[in-house]
Amino acid sequence: MKPWSWIPTLYFAQGMPYVIVTSVTVIMFKRLGMSNADIAFYTSGLYFPWVIKPLWSPLVDILKTKRWWIVVMQIIIGAGLGGIALTLQAPLPIRYCLSFMWLLAFSSATHDIAADGFYMLALNKQNQAYFIGIRNTFYRIAIVFGQGILVMSAGILEKLYSEHLPATTAIPKAWSVTFYMLTALFVLLYVYHHRILPHPEQNRGITSPQHTTLRHVIREFGHTFSSFFRKKGILPALLFILFYRFAESQLVKITSPFLLDSPATGGLGLSTTQVGFIYGTIGVIALTLGGIAGGIVISRKGLNSCLWGMTAAMNLPNLVYLYLALVRPDNPPLISGCVAIEQLGYGFGFTSLTYFMMLFCAGKHQTAHYALCTGFMALGMMGPGMLAGWVEEFIGYQNFFIWIIICTIPSFWVTRYIRPFTVPQARGGQQS
């Protein structure tokens, strides 16, 4: 099969469950009446499968084929979405929704492993390079669809059902119907990929001779794991990965509740549809443009030359939320502009972290080492994010955004110590 027939849909399918678990749930749980403390704690905890993803990634290599893992995970994701749709209107919906969200998180993390491995098996080096931008584009389209179109659809249904039903019934029903549509989408993706995905010759799973014994797998995994922690500069590198987004990891869990909450509680009082458009569409477009600009700047000037500027771009635009909390404008275009500024800076600055991880992992075992880096990156998002809601409820929105500005200090601190270690990586790569 031609790559164009499966790469766009595969990476759209990869992005959808991730954005649902990490972002859409924040808005949904807020609309269902969950407190900010509980929202931040439970949705940040859902990062955990991505934190420990490297621990079971070898199993995806040796048990079955990556094609098998892809299609099986997609039908499990569809089942999880269907479970959420069924339980949203049942008693204790949040408890059961969280159970299905954990199923989504683990199956999505496993799907990531299989899809990225399949991409490298099914394409030659030339096509891998050619389609890298295309796969990233469709992953971004999934984020726009999830944070934007999906949330706006739920908001429209909320308004429609509220004309005939009380809010306590209309909101769960609106989100239930939304998740039924997502379930149907993933069933279609499963059927399509089951029929259309190629069968690359190398995709043999347990038939590979070097992977026939469990002892061999454990030994190789142990060597790969230990060699990562023997890398030069591992301590400052890990601190950089963990704390570079220390402020953002907390901010991202509170921005949607802040936009949705009423002015009486310190929020901006926007509707679900408005938040879907502002944060999920305009914000994601700005994030994407920032990422593209960051890649261009790094390619021309190198990481060391622009790292401090990217750190500033990551953190200083957070001031817009303090401005919004202080002024609380009733002006959607102004709010949209502020969100776009923050997301543009985040996209621009985040590029430096991803590029640093690529440089740091260059050499032997680079794929496995990069997976370990992404696990620590997810851990850096999970831990602070779990506490963000409690902090906000204790001090209020205005003081919380002041706290966020204070939390940018660790990002600058770790940047100071990481810069000397990026020079040798950029020149030749670290060998394990």
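Between the His193 side chain and the Leu189 main chain, a donor and an acceptor come within less than 3.5 Å of each other. Between the side chain of Glu392 and the main chain of Asn36, no donor-acceptor pair closer than 3.5 Å is present. Looking at Lys30, its side chain never comes within 3.5 Å of a backbone N or O of Leu260 through a donor-acceptor pair. Side-chain atoms of Asn315 never come within 3.5 Å of backbone atoms of Ala312 as a donor-acceptor pair (strictly under, hydrogens ignored). No donor-acceptor distance shorter than 3.5 angstrom exists from the side chain of Ser176 to the backbone of Pro172, with no hydrogens or angles considered. Judged by distance alone, the side chain of Ser271 and the main-chain N or O of Gln274 form a donor-acceptor pair under 3.5 Å. Remark: side-chain polar atoms of Ser108 are not paired, donor with acceptor, to backbone N or O of Ala105 under 3.5 angstrom. Remark: the backbone N or O of Ile278 is not paired with any side-chain donor or acceptor of Thr281 at under 3.5 angstrom. Side-chain atoms of Thr169 do not come within 3.5 Å of backbone N or O of Leu165 as any donor-acceptor pair. Counting only distance, with no hydrogens or angles, the side chain of Thr408 and the backbone of Ile404 share no donor-acceptor pair below 3.5 Å.
Side-chain contact, Thr43 with Lys253: a donor N or O sits under 3.5 Å from an acceptor N or O.
Counting only heavy atoms from C-beta outward, the side chains of Phe228 and Cys373 approach each other to under 4.5 Å. Taking 4.5 Å as the limit, every side-chain heavy atom of Lys159 sits out of range of all side-chain heavy atoms of Thr273.
Checked against the 6.0 Å centroid threshold, Phe229 and Phe225 count as a close aromatic pair. Ring centers of Tyr244 and Phe350: at least 6.0 Å apart, outside the cut-off.
Closest heavy-atom contact between Tyr11 and Ala115: OH-O, 3.4 Å.
With sequence neighbours left out, Phe186 forms a ring-ring contact (aromatic ring centres under 6.0 Å, His included) with no residue at all.
In this pair, Trp6 and Phe118 present their aromatic rings perpendicular. The plane angle is above 60°, beyond the 30 to 60° band. Between Phe258 and Tyr321, the ring-plane angle classifies as perpendicular under the 30° and 60° cut-offs.
Atoms OH and OG1, on Tyr42 and Thr25 in that order, are 13.5 Å from each other to the nearest 0.5 Å. Between the CG atom in Leu104 and the OG atom in Ser99 there is a gap of 11.5 Å [rounded to 0.5 Å]. Atom OH of Tyr47 sits about 9.5 Å away from atom CE of Met377, to the nearest 0.5 Å.
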Can you give the donor-acceptor pairs under 3.5 Å from side chains of residues 139-158 to other protein atoms, not counting sequence neighbours?
| residue | atom | partner | partner atom | Å |
| --- | --- | --- | --- | --- |
| Gln147 | NE2 | Ser23 | OG | 2.9 |
| Ser153 | OG | Ile149 | O | 2.8 |
| Glu158 | OE1 | Arg31 | NE | 3.1 |
| Glu158 | OE1 | Arg31 | NH2 | 3.0 |
| Glu158 | OE1 | Thr272 | OG1 | 3.0 |
| Glu158 | OE2 | Arg31 | NE | 3.4 |
| Glu158 | OE2 | Trp175 | NE1 | 2.8 |
| Glu158 | OE2 | Thr272 | OG1 | 3.4 |

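Few gaps surround OH on Tyr192; more than 12 heavy atoms of other groups in view lie less than 6.0 Å from it.
The ring pair (Phe, Tyr, Trp, His ring centres under 6.0 Å) contacts involving residues 21-41 comprise Phe41-Trp390, where partners must be two or more places apart or lie in separate chains.
A cation-pi geometry, defined here as NZ or CZ lying under 6.0 Å from the six-membered ring centre and within 45° of its normal, holds between Lys173 and Tyr161.
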